[in-house]
Number of protein chains: 2
Amino acid sequence: MQPQIIPNISVDCVIFGFDFETKSLNVLLIERFLKADEGNEPLVNDYVLTGYHTYEGETLDETASRVLKELTGLDNLYKKQFKVFGDPNRLMNDRDIIWAKNQNFNQRTITIAYYFLLQTHEVNLRNTEHKAQWFPVDKLPALGFDHKAIINEAYADLKEKSMYKPIIFELLPDKFTIKELQDTYEAILGTEIDNRNFRRKLITKKFIVKLDEKQVGISKKPSHLFMFSKDIYQKAYKENYLINI
Amino acid sequence: MQPQIIPNISVDCVIFGFDFETKSLNVLLIERFLKADEGNEPLVNDYVLTGYHTYEGETLDETASRVLKELTGLDNLYKKQFKVFGDPNRLMNDRDIIWAKNQNFNQRTITIAYYFLLQTHEVNLRNTEHKAQWFPVDKLPALGFDHKAIINEAYADLKEKSMYKPIIFELLPDKFTIKELQDTYEAILGTEIDNRNFRRKLITKKFIVKLDEKQVGISKKPSHLFMFSKDIYQKAYKENYLINI
DNA sequence: TTAATAAGCGTCATATTGACTATTATTTTC
DNA sequence: GAAAATAATAGTCAATATGACGCTTATTAA
């Protein structure tokens, strides 16, 4: 028996993936398609975030994790509930009205938006029944509902947090090079960073731990691998309130 | 005619006020009271945040502003939607069940939590029809529902933001002394700060503007007054992405 | 063997910080 | 009206961090 959904409350998930090939911060979107009656243009043909209604008896965090798992098969990713979108007319552009009519929903719906962080290669797109695809966060396709706004707010939050919290490591593999770390920062912040100063600054942090390993299978000089120690970070910053406005 | 409420969605407001007399960050709470049938102990006698259901046709931000205005008469304060509380059993302790029965609501309700920032003396408590009262954020009374958790999350968010954003000025009068600014930081962060280093650090910021005015009606050496220039701040930080983990 | 390339080390001037000492401008008290 | 008390404000000094660079080294491809 299907669990009962709460019709006016949903969760939408912005799935951010960092792609090390293209050094691009991407968002995972699914296709929304509705064929026209005759041989005309499709009525709806755009992309949306993955999301679904909350079930009775389920927490919002559980809804978000369930929705993520259904699309990607993944669990235990960094998850952040960052904002609620509840404007009365948030589902009111033309395509959305056609879509809503087709899907038989017409109530005002409030959506709790989450974002998740991972690397694009962690997701096997062929496994998904939806047509899911990665898009660079700065080259998004036409989006349904208010999902463009949701993505932009998620990105703004991620950008801000990445400047003062070690959230960026959620986008990196466990073992990474300083250059990869820098690439990720540059992609998120949209800036160029001097490589030598960046190295110095990061390598001197105690929570960036140098491993006894080097990159393999790389042409050019192979780089050392590092890891992020959450433990050391938390110990160091527990009692350390600094004003930095 | 009354607007229609959305029964399973509400907004709760954490109203933070800084009290310069006691140098304490306070929260404005309203009394929740339900008399017992006989001369017994009251059935419910604790405090809650102010909050109410969203109306159809109203944005969540509008709900929050409306609720704030009803309690305090105030408008245009700093407002932050910081988290949603939607656990299925969030209203399930004994007193809450009694209260819910008395008020005829029993549905799962999801609440969107906001916090507001102001100075305690801006609110005239005698004007309010509810029994509203300020409590220091670290000395809260017995609270109904999950409101203790909501306040703690709001405080954690405020604390974090105050370290890297100029949010603290929302708790201060337009014209303030450096000592008042320091007191506010110390109260929020719960730390002691060296007065001389703090002065130097803040006074050298271009967005802290020294006025041609001094405190009046004070014994001891009167201090200069300063103001915060949002304009200067925003211009300076628009293009200035710094990693500070 | 050499060229090419990215990794990684070093330098220098300037700015910021943390920990203190000292001075100044007020009001209250004697 | 002088002295004491108190808070505001200025200044010092060593250590550390930053921004803007130049240079060396390890590796693979040619």
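Note that these values count all heavy atoms, side chains included, but never hydrogens, waters or copies made by symmetry. None of the values given here were measured: they were computed from a predicted structure.
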For [X] and [N], what is the distance between atoms [atom1] and [atom2] respectively, to the nearest whole Å?
| X | N | atom1 | atom2 | result |
| --- | --- | --- | --- | --- |
| K206(A) | dT16(D) | NZ | C1' | 12 Å |
| I203(B) | dT16(C) | CD1 | P | 15 Å |
| R199(B) | dA7(D) | CZ | P | 14 Å |
| D194(A) | dA7(C) | CG | C1' | 14 Å |
| E192(A) | dC21(D) | CD | P | 14 Å |
| E180(A) | dA6(C) | CD | P | 14 Å |
| Q215(A) | dA7(C) | CD | C1' | 10 Å |
| N197(B) | dA14(D) | CG | P | 16 Å |

Strictly under 3.5 Å: I want the nitrogen or oxygen pairs between protein and nucleotides 23-28 of chain D, one per line.
| residue | atom | partner | partner atom | Å |
| --- | --- | --- | --- | --- |
| dT25(D) | O2 | K221(A) | NZ | 3.3 |

Counting only side-chain nitrogens and oxygens, does [X] get under 4.0 Å of the OP1 or OP2 atom of [N]?
| X | N | answer |
| --- | --- | --- |
| H224(B) | dT9(D) | yes |
| S223(A) | dG8(C) | yes |
| K201(B) | dT17(C) | yes |

*Is the base of dA7(D) touched by the side chain of N195(B) through a donor-acceptor pair closer than 3.5 angstrom?*
no
*Have E70(B) and Y52(B) got a donor and an acceptor in their side chains that come within less than 3.5 Å?*
no
*Determine whether the side chains of N26(B) and S24(B) contain a donor N or O and an acceptor N or O closer than 3.5 Å.*
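Side-chain D/A pair, N26(B) to S24(B): present.
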*Considering only heavy atoms from C-beta outward, does the side chain of L172(A) approach that of F20(A) to under 4.5 Å?*
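They are in contact (side-chain heavy atoms under 4.5 Å apart), so the answer is yes.
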List every contact pair, protein side and nucleotides 12-14 of chain C side both N or O, where the distance is under 3.5 Å.
none

_ring pair (Phe, Tyr, Trp, His ring centres under 6.0 Å) partners of F85(A), counting only residues at least two apart_ = none
*asked:* Quick check on side-chain contact (heavy atoms from CB on, under 4.5 Å): which of K210(A), K214(A), Q215(A) does L225(A) satisfy it with?
replied: Q215(A)
Contacts table for residues 145-154 of chain B: side-chain donor-acceptor under 3.5 angstrom, sequence neighbours left out:
| residue | atom | partner | partner atom | Å |
| --- | --- | --- | --- | --- |
| D146(B) | OD1 | R90(B) | NH2 | 3.1 |
| D146(B) | OD2 | R90(B) | NE | 2.8 |
| H147(B) | ND1 | L49(B) | N | 2.9 |
| N152(B) | ND2 | K148(B) | O | 3.4 |
| E153(B) | OE2 | K83(B) | NZ | 3.2 |

*Should K80(A) and D157(A) count as an ion pair when the cut-off is N to O under 4.0 Å?*
no
*asked:* Taking salt bridge (Lys or Arg N to Asp or Glu O under 4.0 Å) as the cut-off, I'd like each qualifying pair that reaches into residues 192-206 of chain A, sequence neighbours left out, listed once.
replied: D194(A)-R196(A)
*asked:* According to side chain to side chain donor-acceptor pair (under 3.5 Å), who are the partners of N76(A), at least two apart in sequence or on a separate chain?
replied: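 Here no residue qualifies.
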